[in-house]
A.B. asks: 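One structure, as structure tokens, below. Some questions next.
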Amino acid sequence: MRILLIIASLCLSSHETFAVENTSLVFVPTFQGRAIQLFDSSYILNKKDTIRFTSIKWYISNIQLLDDNRIIWSDKGNVHLFDFDSNKIPLIEIPTKRNCTTIRFGLGVDSLVNVSGALGGDLDPTKGMYWTWQSGYINLKLEGTSSSIKSSKKEFQYHIGGYSFPYNMYRTITLPMVMSDKIIIHFEIDKILQASDITTLHHIMSPNNNAQTFADSLLLSFSIKQ
Amino acid sequence: MNIVRFFCGFFLIVICGFIQDKSFHLTIPPNWSLPIYDFNKNPLSKEKIELGRNLFYDPILSRNNTISCGSCHSPYNAFTHVDHALSHGIDDKIGTRNSPALMNLAWQPIFMWDGAVNHLDVQALAPIHNPDEMGESIESVVKKLQNSPRYISLFYKAYGDSIITGEYTLKALSQFMLTLVSANSKYDKVQKHQAEFTIQEQKGYSLFKQHCASCHQEPLFTTQQFANNGLLPDPELRDVGRMGITHNPKDSLLFKIPTLRNIEFSYPYMHDGRFKTLSQVLQHYNQGIHRSPTLSQHLSQPKQLSSDEKVDIIAFLLTLSDREFLFNPEFSFPRK
């Protein structure tokens, strides 16, 4: 059946293909400029809080390339899971648009995806990024321990998600960019942690005001290193 | 040459269409609106429905293989958990709510008593993951299914693929649940002029339209909205209902308005199953309304139903029982 369809599509498609030059887009979670290693305890926040990360997972979606304000390329609808825990960091291929001045992407998945029922691939609920007690994807999972947290396990757990007003946690990030063969985007985790006090707010598990503040800190947590 | 190639391709696609035509179409009852569920994203097929039915009745979905969906949603009780105010799940743990009756789900826009779930496809994740219900995870369910030759075969028949995913599992469960349509009660037959109400049922129907239909709107017998129907909050459960999801004080003590179809079989009643009989329910609307800021405007005045009127309304409510639905062999435990 599949084979028949493949033959059919080959018959209907043209033989001509065009070579498209591609650029690799890489996201690297960093802490004060250093690439983060899981289970490494040498990160220090605010000169006093020792931080160790045990899990970092996030979604990037709706990537767009712009020439000033004009969209010149879009992979609208595509969602990429960055699963730092299992080393599944996708290398995203984007076309090398020389006139590109700006890149835009979403941290998380938009509300349309959140109301679309069961989805597959990176959005399959088996990926551990779907809430089960209420509907909705987790846009960012950030877990670890800190010496400054008073609880016995010293754990922090930030599950940032939610899609409906007033707790929509999807954030669109726009960065100036010069096109090159490889674009490395730093996801500056230290900037997110600095936005709230880890000693008092160490668990966010649902869409609420704390999650909102946390999500807003994401807006300033990406930079391009070229 | 190009024309030949085009016709070859076209011909092959037509053949594929014939090979794949195992589709199943849900009949929309007369005078009902179109379903809300988008069947284009999960087209029904006999194989997928059968897979979903197998999953629905299989305790493999729970951590220790003891609880299936059917444990709390039994077909003979309008797909709910009869006799238990609060449904019990894995290790005899008691939940905080009464399991809802399952029917006509293709017309339902939002799920759970507090509307926590926004799509039928993701509904099953809630009981699977709830530590008091099935205590399992979808990741682990998929792994268990992948180790089952029977399921590998059922999934292959349904999806033509050797891999089992969370998406396939959830969509197959939806397929089975979507077929649970109840639209052939005596009430429906009266609407189609195939039967007649007794005098008492007719009186009850008139009273129903006057006192109950603003929330339990025909033909689904629910507006699909949320309402505070004046239940005194249980001091132990401290259930705030819809507000738990929206955080909006206006939603405090609001719960989903349930359908009244097959109500004869879906006792006990209310989100916490506090009433065992329909008579107790009507007594609540007569005398038991607890006043609070979010109380439904339709309940601002107590219903002053006489004993005869209550009996008449119950006589009407019993016409909503659909035995063809309740005892449909296609909906019951699959015989292997």
Side-chain angles (χ1 to χ4, degrees), chain A residues 1-16 57 77 79 81 83 85-86 109 111-138 159 161-168 204-212, chain B residues 2 4-17 19-20 37-38 41-42 109-112 114-131 136-143 160-161 163-174 244-248:
Chain A
M1 166 73 198
R2 289 219 160 161
I3 293 167
L4 285 181
L5 272 176
I6 290 166
I7 298 170
S9 66
L10 282 176
C11 287
L12 290 173
S13 70
S14 140
H15 283 302
E16 291 84 6
K57 290 166 90 166
V79 178
L81 173 63
D83 183 352
D85 308 8
S86 51
V109 291
S111 50
L112 180 65
V113 172
N114 273 290
V115 295
S116 297
L119 300 167
D122 278 359
L123 291 166
D124 194 297
T126 54
K127 304 288 179 188
M129 292 292 274
Y130 198 89
W131 268 317
T132 55
W133 55 278
Q134 76 168 38
S135 297
Y137 282 93
I138 298 168
H159 294 182
Y163 64 92
S164 58
F165 179 82
Y167 299 116
N168 186 348
I204 302 177
M205 310 296 286
S206 64
N208 56 28
N209 288 331
N210 287 333
Q212 195 82 277
Chain B
N2 274 345
V4 172
R5 208 170 66 195
F6 177 81
F7 278 107
C8 283
F10 185 75
F11 180 67
L12 284 170
I13 283 175
V14 170
I15 288 179
C16 290
I19 295 170
Q20 207 170 25
Y37 190 87
D38 185 354
K41 288 187 179 159
N42 189 16
I110 196 159
F111 302 84
M112 305 298 250
D114 55 9
V117 174
N118 67 21
H119 197 289
L120 181 62
D121 291 356
V122 289
Q123 166 62 48
L125 290 170
I128 290 171
H129 284 251
N130 189 315
E136 191 40 297
S137 73
I138 186 72
E139 297 89 318
S140 162
V141 166
V142 167
K143 275 183 199 148
D161 199 339
I163 193 160
I164 296 176
T165 67
E167 181 192 12
Y168 289 164
T169 306
L170 294 170
K171 282 190 165 167
L173 278 165
S174 284
I245 300 301
T246 62
H247 305 282
N248 186 342

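Letters A, B, ... mirror the listed sequences (proteins, then strands); counts begin at 1.
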A.B. asks: Provide the closest heavy-atom pair for H119(B) versus V115(A) in the form atom of the first, atom of the second, distance.
C.D. replies: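 Result for this residue pair: CD2-O, 3.5 Å.
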A.B. asks: With no hydrogens and no angle check, is any side-chain donor or acceptor of T126(A) less than 3.5 Å from a backbone partner on E139(B)?
C.D. replies: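 The answer is no, because no donor-acceptor pair under 3.5 Å joins these two groups.
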A.B. asks: In terms of heavy-atom pairs under 4.5 Å with chain B, which of G121(A), S116(A), S164(A) leads?
C.D. replies: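 Maximum pair count with chain B is reached by S116(A).
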A.B. asks: Show every salt bridge (charged side-chain N to carboxylate O under 4.0 Å, His left out) that has at least one partner inside residues 114-128 of chain B, sequence neighbours left out.
C.D. replies: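 Non-adjacent pairs meeting salt bridge (charged side-chain N to carboxylate O under 4.0 Å, His left out): R97(B)-D114(B).
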A.B. asks: So what's closer than 4.5 Å to chain A heavy atoms on S137(B): side chain, backbone, both or neither?
C.D. replies: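 Nothing of S137(B), per the 4.5 Å heavy-atom cut-off to chain A.
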A.B. asks: Suppose we screen for side-chain contact (heavy atoms from CB on, under 4.5 Å). Which residues come up paired with N209(A), at least two apart in sequence or across chains?
C.D. replies: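 In terms of side-chain contact (heavy atoms from CB on, under 4.5 Å), with neighbours along the sequence ignored, N209(A) is linked to Y167(A).
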A.B. asks: Using every non-hydrogen atom in the two residues, find where L170(B) and A118(A) come nearest and quote the distance to one decimal.
C.D. replies: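 Closest approach of L170(B) to A118(A): CB-CB, 3.9 Å.
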A.B. asks: Under the side-chain contact (heavy atoms from CB on, under 4.5 Å) test against D124(A), which residue among V142(B), T165(B), I138(B) passes?
C.D. replies: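 Going through V142(B), T165(B), I138(B) one by one, the side-chain contact (heavy atoms from CB on, under 4.5 Å) with D124(A) is satisfied by T165(B) alone.
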A.B. asks: As an exercise: rank G120(A), G136(A), S135(A), G162(A) by heavy-atom pairs under 4.5 Å with chain B and give me the winner.
C.D. replies: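 Top count of heavy-atom pairs under 4.5 Å with chain B: S135(A).
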A.B. asks: Step by step, would you call L125(B) with Y130(A) a side-chain contact (heavy atoms from CB on, under 4.5 Å)?
C.D. replies: CA-CA 9 Å; L125(B) 290 170; Y130(A) 198 89; 3.5 Å; yes
A.B. asks: Keeping N118(B) on the side-chain end and N114(A) on the backbone end, is there a donor-acceptor pair under 3.5 Å?
C.D. replies: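 Looks like yes, one N/O pair under 3.5 Å.
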A.B. asks: May I ask you to name which of L120(B), N248(B), I245(B) has the most heavy-atom pairs under 4.5 Å with chain A?
C.D. replies: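 Highest number of heavy-atom pairs under 4.5 Å: I245(B).
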A.B. asks: Which one wins on heavy-atom pair count under 4.5 Å against chain A: A126(B), G244(B), G166(B)?
C.D. replies: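 So the answer, after comparing A126(B), G244(B), G166(B), is G166(B).
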